[in-house]
Protein chains: 2
Amino acid sequence: MSSTQNNWFYEHFDTAGTAFGLRLKQKLEEVQTEYQHIEMWETDSFGYLMTIDGATMLTTRDNFLYHEMMSHPVLFSHANPKRVVIIGGGDCGTLREVLRHPGVEKATQIDIDEMVTRYSEKYFPELCESNDDPRAELLFEDGVQYMRNCADGSVDVIIVDSTDPVGPAEGLFKADFFRDCHRVLAEGGIIVQQSESPLLHSDTIIKDLHANMREAGFTSTQTLPFPQPVYPSGWWSCTMAGKNTQVGEFRETDASDKGFDTRYYSAAIHKGALVLPPFMQAAINR
Amino acid sequence: MSSTQNNWFYEHFDTAGTAFGLRLKQKLEEVQTEYQHIEMWETDSFGYLMTIDGATMLTTRDNFLYHEMMSHPVLFSHANPKRVVIIGGGDCGTLREVLRHPGVEKATQIDIDEMVTRYSEKYFPELCESNDDPRAELLFEDGVQYMRNCADGSVDVIIVDSTDPVGPAEGLFKADFFRDCHRVLAEGGIIVQQSESPLLHSDTIIKDLHANMREAGFTSTQTLPFPQPVYPSGWWSCTMAGKNTQVGEFRETDASDKGFDTRYYSAAIHKGALVLPPFMQAAINR
């Protein structure tokens with residue numbers, strides 16, 4: 001639920017009992033699509049802000065944290081990722097990070113709503129700078145359906161860059177969806193899913209996610225926390241699951257010598273993110 | 001600046017252009033002391049909340065993050081800490097963590113405002129459970145003045161558990177104060193100061209803090225980021241400075257075998273917190 005007042009945008013996270021706000025310069029535009037209500041705002045200190053159905057999606061200032069952590073850890077955990085599928089991710093920021101890896105031969109982004117990408121091209125052009133890369137494929141259709149029709153063993157890495165597990169994205173957190181992903185991944189393949197707040201959701205969403213991934217056949221799972229100021233609690237996470245591969249390990253030397261710049265990710269940050277605080281370990285393993 | 005509306009407490013971080021909110025059950029009590037306006041609230045999902053002059057100090061639910069990271073990294077970085085001074089910290093949560101270390105012989109807490117401690121005893125009794133420890137000394141006076149009068153080389157670890165560097169706490173971020181701290185610390189002594197948000201303050205407050213600490217004579221400095229949902233951006237930090245000792249190193253085996261429970265801190269979390277993301281390194285070393 002969101003509201004504006006005296007030039008402030010507020011998002012109230014009702015189940016968490018917390019709220020986040022950004023001071024606004026102005027609302028820029030909005031559209032009701034077949035799927036959702038998208039709004040674009042200019043903020044005072046965080047650049048542009050996109051909200052969907054009142055929920056903060058991303059801002060210019062801090063999206064690098066999320067996009068880098070949704071892409072580089074999973075890609076450096078896979079032995080040799082060539083074929084990447086991104087479910088959701090319509091702002092194209094994850095796609096850009098994926099295509100920084102020269103070994104990636106094809107990256108397919110499947111977002112249900114084309115307007116997310118059209119707004120991103122207009123307000124976050126830096127995130128869309130790889131959309132014309134010949135290795136990039138942008139589809140606008142249902143990701144669950146796409147995965148259901150995908151050939152067995154045809155993908156190396158699946159990145160689920162989705163909204164919260166309520167409404168349209170709920171299915172992306174279920175064992176049924178993960179079973180399709182497991183089938184579609186080649187041997188040694190890895191899936192990563194954004195997995196909400198370590199403080200707020202360790203003993204609920206994150207714990208259930210591990211269980212659902214293992215139920216679907218994945219042999220190892222690992223949650224990596226990272227900061228994300230505009231999401232509830234300012235502390236976020238992604239969870240990886242491997243098909244007969246250890247997602248707690250990664251190509252550390254390749255990550256150190258990656259040959260492209262990042263602002264948050266580094267081999268040492270990756271290593272640090274593999275360490276969970278005791279309260280999270282206890283909640284997930286309960 | 002804070003406000004309440006429809007059972008929500010909001011703190012607006014005006015310089016950052018961000019806001020944080022918590023859903024309330026009720027306001028419990030408030031007092032205008034000689035120094036500041038203290039308010040106590042019961043929240044919906046974060047337990048009790050203390051605010052000072054409208055700024056969030058701590059909540060029941062997430063204060064463990066801050067208190068553990070303000071105490072255990074600095075104590076395990078020191079070779080053998082016996083005499084500890086805490087400037088500020090009137091809620092006594094840092095004092096409790098310090099006294100978990102059996103080697104500490106004396107811990108003196110100096111907060112200017114006794115009412116902070118009186119409210120904490122009432123609403124956060126778990127944080128005050130070590131106030132009667134014979135090693136604990138609680139003073140209510142000015143911390144800057146206390147440090148000025150302290151004998152040379154009489155302290156091993158100084159923890160500056162202060163409010164933001166505006167108003168009463170501004171002096172606690174300056175080279176003059178750090179010069180006194182440097183003089184008061186014994187050889188190998190370490191000071192740690194809470195140092196605001198990595199996202200919002202790396203190229204301002206944190207960068208200046210390193211410069212001021214080095215100007216005061218400290219030979220090594222190190223910022224450690226950690227999550228803290230109720231503070232601006234949800235991402236916080238502390239900065240350590242060593243008197244002829246390396247604060248980037250710590251007694252890892254002792255930290256692993258510490259013999260008391262923590263919810264966020266561990267030897268591995270400590271190691272991970274010593275790694276700064278590239279954008280912070282660039283900002284601090286600029």
Side-chain angles (χ1 to χ4, degrees), chain A residues 3 5-25 43-46 59 61-62 64-65 68 197-200 225-236 261-282, chain B residues 3 5-25 43-46 59 61-62 64-65 68 197-200 225-236 261-282:
Chain A
S3 61
Q5 196 180 6
N6 300 328
N7 282 326
W8 284 82
F9 163 87
Y10 299 104
E11 183 180 355
H12 292 86
F13 313 116
D14 277 325
T15 52
T18 66
F20 178 74
L22 285 170
R23 192 166 48 217
L24 297 173
K25 284 185 175 156
T43 73
D44 212 36
S45 56
F46 272 63
T59 76
R61 183 169 184 180
D62 75 343
F64 68 97
L65 297 161
E68 291 182 12
S197 163
L199 183 76
L200 304 171
F226 55 88
Q228 186 53 65
V230 301
Y231 288 172
S233 86
W235 192 17
W236 214 243
D261 286 340
T262 44
R263 294 177 62 199
Y264 183 73
Y265 180 84
S266 69
I269 286 282
H270 187 155
K271 216 168 167 178
L274 290 171
V275 174
L276 296 189
F279 89 92
M280 278 189 80
Q281 286 177 25
Chain B
S3 61
Q5 195 180 9
N6 300 328
N7 282 325
W8 284 82
F9 164 87
Y10 299 105
E11 182 181 356
H12 292 86
F13 313 115
D14 277 325
T15 52
T18 67
F20 178 74
L22 285 170
R23 193 166 47 217
L24 297 172
K25 284 185 175 157
T43 73
D44 212 35
S45 56
F46 272 62
T59 76
R61 184 169 183 180
D62 74 344
F64 68 97
L65 297 161
E68 291 183 11
S197 164
L199 184 75
L200 303 172
F226 55 88
Q228 185 52 65
V230 302
Y231 288 172
S233 86
W235 193 16
W236 214 244
D261 285 339
T262 44
R263 294 177 63 200
Y264 183 73
Y265 181 84
S266 69
I269 286 282
H270 187 155
K271 215 167 167 178
L274 290 172
V275 174
L276 296 190
F279 89 92
M280 279 190 79
Q281 286 176 23

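Every chain is numbered from 1 and lettered A, B, ... according to where its sequence line falls, protein lines coming before strand lines.
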> Looking at B/Ser45 and A/Ala16, would you say the former's side chain and the latter's main chain have a donor-acceptor pair under 3.5 Å?
yes
> For the pair B/Trp235 and A/Tyr264, name the ring-plane relationship: parallel under 30°, tilted 30 to 60°, perpendicular over 60°.
perpendicular
> Could you state the interatomic distance from CG (A/Asp14) to CZ (B/Arg23), rounded to the nearest 0.5 Å?
5.5 Å
> Which residues pass the side chain to side chain contact (heavy atoms under 4.5 Å, CB included) test with A/Asn7, not counting sequence neighbours?
none
> Looking only at heavy atoms, which two atoms of B/Ala19 and A/Tyr10 are closest? And how far apart?
CB-CE2, 4.3 Å
> Output the distance between atom CG (B/Leu199) and atom CZ (A/Phe64), rounded to the nearest 0.5 Å.
5.5 Å
> Can you see which heavy atom on A/Leu276 is nearest to which on B/Ile269, and at what distance?
C-CD1, 4.2 Å
> Measure distances from A/Phe46 to the heavy atoms of chain B and classify the residue's part below 4.5 Å as side chain, backbone, both or neither.
side chain
> Verify, without hydrogens or angle tests, whether A/Arg263 (side chain) and B/Pro278 (backbone) share a donor-acceptor contact under 3.5 angstrom.
no
> Please report the interatomic distance CZ(A/Phe20) to OG(B/Ser233), rounded to the nearest 0.5 Å.
8.5 Å
> State which residues pass side chain to side chain contact (heavy atoms under 4.5 Å, CB included) with A/Pro232; sequence neighbours excluded, sorted by chain then number.
A/Phe13, A/Leu200, A/Trp236
> So which part of A/Gln5 gets closer than 4.5 Å to some heavy atom of chain B, the side chain, the backbone, both or neither?
side chain
> Return yes if some donor-acceptor pair links the side-chain N/O of B/Ser266 with the main-chain N/O of A/Pro277 below 3.5 Å, else return no.
no
> Which residue out of B/Gly234, B/Pro229, B/Gly272 racks up the most heavy-atom pairs below 4.5 Å with chain A?
B/Pro229
